[in-house]
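Step one of this worksheet: look at the structure below.
Being a predicted model, the structure only gives us computed values, none of them experimental. No hydrogens, no waters, no symmetry mates; every other heavy atom, side chains included, goes into these values. Throughout, a chain's letter reflects where its sequence line sits, starting with A, and its residues are numbered from 1.
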Amino acid sequence: MSEPARRSAIQSDELVPKPGGIAARALAARAAPYLAGLNPEQQEAVEATEGPLLVLAGAGTGKTRVLTTRIAHILASGRAYPSQILAVTFTNKAAREMKERIARLIGEGMAEGMPWLGTFHAIGVRILRRHAELVDLRSDFTILDTDDQIRLLKQIIQAANIDEKRWPARQLAAAIDGWKNRGLAPDKVPDGEAYAAANGKGRELYAEYQARLKTLNAADFGDLLTECLRLFRERPDVLAEYQKRFRYMLVDEYQDTNVAQYLWLRLLAQGKESRNICCVGDDDQSIYGWRGAEVDNILRFERDFPGAKVIRLERNYRSTGHILAAASGLIAHNEGRLGKTLFTETAELGEKVAVNSAWDSSEEARAIGDDIERLQRQGHALNDMAILVRASFQMREFEDRFVTLGLNYRVIGGPRFFERLEIRDALAYLRATVNPADDLAFERIVNTPKRGLGPATLQLLHGHARRRNMPLMAAAAELVGTEELKPKLRQALSALLRSFERWSALIPHTPHTDLAEMVLEESGYTEMWQLDRSAEAPGRLENLKELVNTMGEYESLPGFLEHVSLVMDSEGGEASDAVSIMTLHSAKGLEFDTVYLPGWEEGLFPHQRALDENGRAGLEEERRLAYVGLTRARRRAAIWFVSNRRVHGLWQSTVPSRFLDDLPEADVEISEPASYGGYGTAMPYGMSRFDTMAPFGSTYATPGWQRAQANRDTADPRKRTGRQALTIEGELVAKSVIGGEARFAAGERVFHQKFGPGTVAAVDGNKLTVDFDKAGRKRVVDSFVEAA
DNA sequence: GTAGATTAGATTTTT
DNA sequence: TCTAATCTAC
């Protein structure tokens, strides 16, 4: 087929070869190399290119492989040009990985360009820039991040004369985000919700915010999707263009889509006969409900796309038998699943999932650290081990311990590069240089470094800008020509404006990295940190250098800024061998030989707040999180829980997580409590086998414990109040905390409910070493003892 | 306009 | 207990 003929064949939608025909067989042969090594289900998922398809891919079943091979297959079999394929992911990382894998699969076949492959947001931007004027923006619109968003909302709240204390900007920002996640324009927000925000003015302020965004020629993250939706709805001709263009659509992590994304996909997929949409997901790994993800989207796929094919990938290539069985047993306790049963082909059962307990979090860290060193001595790489925590505050304990041990670790997730103060300041300078109308950027740096242009001056600028309906910088330019400002301020401001003019003029003629250095240098920003004597200053200067280096990899300044606003991450080349520490959320999609899962205690995991705020659904999401954690492990998984954990500075007695009881007995190895400190040995009390591992059997009799125990099995977790599961006797806690000083001194006589009378031998914060008359020397928390 | 004091709040996080 | 953000006094 000549090139033009082929192209027109594609456009006339007649490209699909007759099944079983010569062309089809020839094409299959061409595609064959990619199919090699796929199991039958995977192969089916790759080859079922026509019509809607839902791939339910359990953990470790080769989901990414299916997606990439499918794209390669569509391309290699000539079903579509790259530009006719749309592949969406949630993270930049996933998009990058997919790009690399596709390139590897078909290499030279990419001559015709890449598919539309990226995050929902990146693709949204791409579409919006093309049709910006249709949604009241210019094609060079700025993308606001959360920080800008909040500052803008703060201004709006103030302008509306609403008490900022009672109605914080971040709360309104969260509400607006939530609405946008659900694809709701201001007039579509339910009355109740609109009324509940911003002192009854939720709707008005949301509308005002959207109006301000247009004036600023800006869009926030949510807009990248909702404005696309608006565009598609208001302009059927534009929608039709994309429906026609995207002959094949692929969606990764479908269980994480929110309503807006779902509507976006549905609009695009509804084009005529070409409903070639393939969604890959795992309902059991939906852990972003709190961020607006709707598991329902995956659960109702078949209803939305009648005749949809569903393929299950259940053959797990990652974990050994016990780990897989433990994870499956756990997740089976959730209702409302689509149901999958993972299995392995290797008969290897491997090690059982270890369940361990420790006295408190520092011992937990110590024991895990020791275990890591043990494995390391056996020749295991630190890179193959990870500690997955529920909440980031748990990380510190491990970091502290590993620093002491000299154990190499890296924290994944933490504060991100582009969110750091100095980087954001530097970017604000660059943004204002590129776009003098970027008020938020200008505002951010107008007095950084200090130029004497404080809130009062800014207020003046704002007033003038609003009256004249112009950007801040333009307003400033007018003001410096008047007597409105004191000479000193006038001078400072006009110097700054002149600098920006000069830098802007240089954009076309100067390499952008040079320009960036110049801006940072001449603005005095670098100098500001050089003069700063604080401990962070050198690191910040280092980051600024790093920023300029990173810029070098991009074509132009605007190109770089666009990248930054969409990809808030910077890739740090981590070559060295180190244990990874991260939250369970950021572990999704990763795998390690050995996984440590600390903090399996009621209140922390499942997290009390998830239970309080979302009841049963919250509990199930927590359980999925536990499932995600377990399924990260290839060969070894070790769960830990402690008896005492400090929460907001208070020592709390904790109850083992209910998830422990969800694990099948046969796949779990319960270790005797570690001998650290020599207490916490098995207690003959308790109702579940794990309770026996909690120390202080007699405390079981306390009302607090009974409440916690009763609550453990309460069908409706919303009935639980506050932090019941965590707190021990309120008065005791209060006593030990009031005054903030130790309640006991060495030599003092004390009484312990379980161990009886004894003499305090040593005091370490609120931990006591007590020589009990009968029980011998024990370490206890002071809240458990009373003065005798 | 800045340093020191005070106070609230403290899951998970991408884009 | 710790942090960050805001308030208060200079």
Side-chain angles (χ1 to χ4, degrees), chain A residues 88-95 118-125 143-150 154 164-166 168-171 174 177 180-181 219-226 253 256-258 260-261 286-293 361 388-397 412-416 418-419 421 447-458 489 562-569 582-589 599 603-614 618 621-622 624-626 628-629 645-652 723 737 740 765-766:
Chain A
V88 271
T89 62
F90 273 83
T91 63
N92 290 295
K93 201 173 139 207
T119 61
F120 277 100
H121 299 265
I123 288 169
V125 175
I143 301 164
L144 299 191
D145 60 29
T146 327
D147 202 75
D148 296 324
Q149 202 183 341
I150 287 172
K154 206 173 258 178
E164 242 190 292
K165 295 277 156 47
R166 289 193 47 206
R170 34 181 65 259
Q171 211 172 295
D177 273 346
K180 288 187 176 175
N181 279 339
D220 66 16
F221 281 121
D223 284 344
L224 301 182
L225 289 164
T226 50
E253 306 280 16
D256 288 338
T257 46
N258 60 34
Q261 289 158 338
S286 158
I287 54 175
Y288 285 107
W290 52 274
R291 212 167 66 188
S361 48
L388 310 183
V389 298
R390 173 64 243 264
S392 43
F393 75 84
Q394 291 173 264
M395 293 179 177
R396 229 191 87 176
E397 204 102 42
I412 298 185
R416 279 165 308 161
F418 290 116
E419 279 174 2
L421 176 91
N447 202 29
T448 315
K450 301 275 179 285
R451 298 188 177 92
L453 305 167
T457 316
L458 204 56
L489 294 180
E562 167 104 356
H563 169 83
V564 167
S565 50
L566 288 173
V567 185
M568 292 296 282
D569 231 331
M582 67 186 99
T583 62
L584 286 159
H585 283 92
S586 39
K588 193 166 77 163
L604 175 59
F605 193 35
H607 201 280
Q608 191 60 49
R609 224 160 125 173
L611 264 32
D612 289 344
E613 286 170 13
N614 290 305
E621 182 154 316
E622 294 285 297
R624 290 194 289 270
L625 202 46
V628 166
R645 191 174 289 279
R646 203 162 44 174
V647 180
H648 307 328
L650 297 183
W651 279 98
Q652 315 265 206
R723 296 185 178 272
V737 168
N766 41 14

Taking only the [atom1] atom of each, what is the distance from [N] to [M] in whole angstrom?
| N | M | atom1 | answer |
| --- | --- | --- | --- |
| dT13(B) | dC2(C) | P | 22 Å |
| dT12(B) | dA5(C) | P | 16 Å |
| dT6(C) | dT11(B) | C1' | 24 Å |

Please give, in whole Å, the distance from [N] [atom2] to [X] [atom1]?
| X | N | atom1 | atom2 | answer |
| --- | --- | --- | --- | --- |
| Glu253(A) | dT15(B) | CD | C1' | 15 Å |
| Leu388(A) | dT12(B) | CG | P | 15 Å |
| Asp147(A) | dA5(C) | CG | P | 9 Å |
| Phe90(A) | dT12(B) | CZ | C1' | 16 Å |
| Trp290(A) | dT15(B) | CH2 | P | 12 Å |
| Asp177(A) | dT15(B) | CG | P | 15 Å |
| Leu584(A) | dT11(B) | CG | P | 16 Å |
| Leu453(A) | dG1(B) | CG | P | 9 Å |

Under the side chain to side chain donor-acceptor pair (under 3.5 Å) rule, collect the residues that match up with [X], sequence neighbours excluded.
| X | answer |
| --- | --- |
| Asn258(A) | Asn181(A) |
| Arg645(A) | Glu364(A), Glu601(A) |
| Thr89(A) | none |
| Ser286(A) | none |

Sugar-phosphate only, base, or nothing, as touched by [X] at under 4.0 Å among non-hydrogen atoms:
| X | value |
| --- | --- |
| Gly452(A) | sugar-phosphate |
| Thr146(A) | base |
| Glu622(A) | base |

query: How are the rings of Tyr288(A) and His585(A) set to each other: parallel, tilted or perpendicular (split at 30° and 60°)?
result: tilted
task: Go through the structure and list residues passing side-chain contact (heavy atoms from CB on, under 4.5 Å) with Leu421(A), not counting sequence neighbours.
output: Asp425(A), Arg444(A), Trp529(A), Arg540(A)
- line: Contacts of Lys93(A) meeting side-chain contact (heavy atoms from CB on, under 4.5 Å) (sequence neighbours excluded), chain-then-number -> Thr91(A), Arg96(A), Leu590(A)
query: Any idea which of dT14(B), dT15(B), dT12(B) is nearest the Arg291(A) side chain?
result: dT14(B)
statement: Considering only heavy side-chain atoms of His121(A), the closest of dT12(B), dT1(C), dT15(B) is dT15(B)
field: Tyr288(A)-dT12(B) aromatic stacking (under 5.5 Å, under 30°)
entry: no
- request: Compare the ring of His607(A) with the six-membered ring in the base of dT11(B) and state whether they stack (centres under 5.5 Å, planes under 30°).
  value: yes
message: Just verifying a value: how many Å separate Ser361(A) OG and Trp651(A) CH2, rounded to the nearest 0.5 Å?
response: 5.0 Å
task: Find the distance between CG (Leu453(A)) and CG (Leu458(A)) and round it off to the nearest 0.5 Å.
output: 8.5 Å
query: Of all residues at least two apart in sequence or in a different chain, which pass the salt bridge (charged side-chain N to carboxylate O under 4.0 Å, His left out) check with Glu621(A)?
result: Arg624(A)
- prompt: Who pairs with Glu253(A) by salt bridge (charged side-chain N to carboxylate O under 4.0 Å, His left out), at least two apart in sequence or on another chain?
  reply: Lys63(A), Lys588(A)
- request: Using only heavy-atom distances, decide whether a donor-acceptor pair under 3.5 angstrom links the side-chain of Arg646(A) to the base of dT1(C).
  value: no
query: Does OP1 or OP2 of dT13(B) have a side-chain N or O of Thr583(A) closer than 4.0 Å?
result: yes
- prompt: Excluding sequence neighbours, so at least two apart, what forms ring pair (Phe, Tyr, Trp, His ring centres under 6.0 Å) with Phe605(A)?
  reply: Trp600(A), Phe659(A)
- line: Per nearest nucleotide of DNA chain B, the residue lying toward the 5' end, Gly454(A) or Ala122(A), is Gly454(A)
task: Taking only Lys NZ, Arg NE, NH1 and NH2, and the carboxylate oxygens of Asp or Glu, determine whether Arg291(A) and Asp256(A) approach each other closer than 4.0 Å.
output: no
Pairs under 3.5 angstrom, nitrogen or oxygen only, protein versus nucleotides 2-10 of chain B, please.
none

message: Both atom distances under 3.5 Å, Watson-Crick or G-U wobble: I'd like the secondary structure of DNA chain B as a dot-bracket string, with | for pairs made across strands.
response: ||||||||||.....
When you compare the protein's N or O atoms with those of nucleotides 6-9 of chain C, which come within less than 3.5 Å of each other, and at what distance?
unit_1: dT6(C); atom_1: OP1; unit_2: Lys154(A); atom_2: NZ; d: 3.2
unit_1: dC7(C); atom_1: OP1; unit_2: Lys165(A); atom_2: NZ; d: 2.4

